[in-house]
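To start, the structure itself, in structure tokens.
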Amino acid sequence: MIKKNLFLIVLMIILLNSCNISSIKSDKFNKEGVFKIKLPHQTALASISKFECKKIGDSFYFSFLDSQCRTIFIYSFENRNLIKEIKIKSDEFDSYASSYLIHNLDSIFLLDHNNSDLYLINSNGITLKKIKIRQNYLKENQNIFEKNTPYPCDNLNSSGFFYLDKKIYITSSGNELNPHPELCKDIYIINIEKDTTCLVFTKPQIYWKGNWGYNYLYNIQLAYNQNINRFLISYGADHNVYITDFKNTLEKHSMKSKFLNNIKPLNLDKFKARLTKFDFEKYDYLTGSYCSFFYDDFNNRYIRIINCPLDENKFNEGFNSGVFDVKMSIIIADEFFKKRSEFTIYSFNVIPEFIINGCFYVLDHESYQKNQDSLFFNIYSLKL
Amino acid sequence: MKIFKLLTFTFILFGLISCSNHDIKYKLINKKIKNHYENFHTLKDYKAIVLIPREGCGGCISDATSKTRELLMKRRDILLIFTDVTDMKLLKIQFGNNLLKDPNVSIDIPNLFVDKRVSSIYPQIFYLKNGKCDFYEIFDVTSERFRTL
């Protein structure tokens with residue numbers, strides 16, 4: 001009787017703990033604390049397009065763009081006080097499909113995904129400059145455009161929008177089903193002084209043959225390592241990470257996941273009829289993909305996050321319920337791309353919104369549901 | 001003649017199958033309506049339910065909500081359900097507490113209507129007869145059925 005009750009108690013404890021989907025449960029993570037930000041009354045989490053945490057001068061600033069009220073809110077990272085509200089004055093800017101990048105507290109770049117427009121605004125929200133990205137091409141790029149022109153879009157999960165030396169670098173989307181992938185270039189460079197655009201970085205050879213679905217396997221991630229002054233590019237289907245200055249230098253290093261040994265394009269012979277959304281989603285989830293990529297400047301290391309392949313039963317359950325039970329994997333590599341660790345995590349969300357001082361800041365949706373006047377980020381350091 | 005008979009048979013067979021699929025969807029919709037409102041009897045005086053998903057076609061959702069809000073001011077025989085609500089705060093900011101407190105408005109908290117067999121990215125309208133749905137379509141105030149409601 002005692003054994004039976006003990007068993008039920010243990011089972012209850014396990015079940016109660018498994019319900020907390022916002023916390024990362026792993027011996028690889030130490031929870032260091034919670035970063036809590038008081039939300040303005042007119043802002044809800046669901047209307048926030050993007051978060052950013054950035055060092056400007058000697059201080060860090062946390063910010064987000066609220067699409068609903070078309071405002072960028074900027075907080076002091078140290079004392080969490082709201083220091084600026086920048087209401088975007090341009091009526092043309094589509095805040096619902098957008099991103100932003102703070103250059104300094106009086107110069108902010110906005111990216112309108114739908115219209116492929118780049119804006120520079122000041123701290124009063126007034127437009128100082130507007131560049132139509134897909135129109136202002138440099139002459140030498142003209143021959144690759146038209147059918148091979150993707151959309152500037154800083155993509156899924158981590159950052160794909162950088163400012164460096166009067167140029168903006170943005171990843172792109174839209175060349176997924178292009179019949180000539182060998183002609184496709186994936187990164188936009190916009191010269192802010194000259195108002196010109198060029199497309200650089202040819203899609204890697206892995207994509208030159210085969211159909212890689214519609215979404216996750218084509219995901220492009222961009223990071224920047226200021227120590228070596230190089231950009232790093234990661235692709236959803238490619239084990240390699242590319243290091244380049246977009247001029248003369250190009251290297252590649254493998255950061256392969258042990259869970260993605262069988263990464264292949266879609267087998268089109270299986271499909272006699274037109275491919276459906278279900279077919280593409282099934283391919284994405286059953287194949288797995290590289291999703292996020294970060295450079296951790298505090299520890300001088302690289303972090304790659306992987307969607308591990310799902311089995312068919314779990315995919316079908318997920319497709320019907322709308323929630324996929326995906327296992328994630330995290331690769332940590334040193335500055336020479338030597339793999340130091342790869343470990344899995346069973347959690348709904350391990351992808352950090354940003355990494356500061358080596359710690360992951362992971363949005364806690366559950367805490368927000370309990371208190372919708374604040375945002376909560378769980379802070380985790382990695383144990384290696 | 002044989003081909004004609006075969007074609008006729010095939011046509012009838014597909015017709016029967018499609019009717020049966022249609023019936024299934026109505027059964028599902030009515031099951032969910034009953035679960036949401038507890039019984040059909042309480043709905044007998046209502047002519048329609050407008051179902052608005054919070055995730056989907058943003059412009060359509062916003063448009064449908066403002067049109068339904070106008071409708072609710074003029075007629076009280078239409079109900080409104082918000083489904084797939086992930087952020088109540090945003091719902092209140094966008095539509096105000098007054099709309100959400102209206103007795104004809106409810107939130108599908110258990111997400112009964114978030115079911116691929118029933119749901120749509122577009123707002124839908126379920127026309128009622130004695131509390132049960134007997135016809136549904138994408139919500140459009142210019143539709144003939146809606147104009148004669």
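Just so you know, these numbers come straight off a predicted model, no measurement behind them. A, B, ... follow the sequence lines: proteins, then strands. Residue 1 opens every chain.
Heavy-atom neighbours of Phe40(B) CZ from other residues, nucleotides or ligands within 6.0 Å: above the threshold of 12. Within 6.0 Å of NZ in Lys129(B) there are 12 or fewer heavy atoms belonging to other residues, nucleotides or ligands. For CG of Asn97(B), the number of neighbouring non-hydrogen atoms (other residues, nucleotides, ligands) closer than 6.0 Å is greater than 12. Within a 6.0 Å sphere centred on NZ of Lys36(A), heavy atoms belonging to other residues, nucleotides or ligands number 12 at most.
Contact detail for Ala46(A) and Asp87(B): the closest heavy-atom pair is N-OD2, 2.8 Å. Across every non-hydrogen atom of Thr43(A) and Lys89(B), the tightest pair is O-NZ, 2.7 Å.
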Q) What do the steps show when you test His365(A) against Thr86(B) for side-chain contact (heavy atoms from CB on, under 4.5 Å), and what is the final call? A) CA-CA 10 Å; His365(A) 292 267; Thr86(B) 54; over 6 Å; no
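For chain B, the nearby part of Gln68(A) is the side chain; its heavy atoms alone come within less than 4.5 Å. Looking at Tyr368(A), the atoms closer than 4.5 Å to chain B (heavy atoms on both sides) all sit in the side chain, from C-beta outward.
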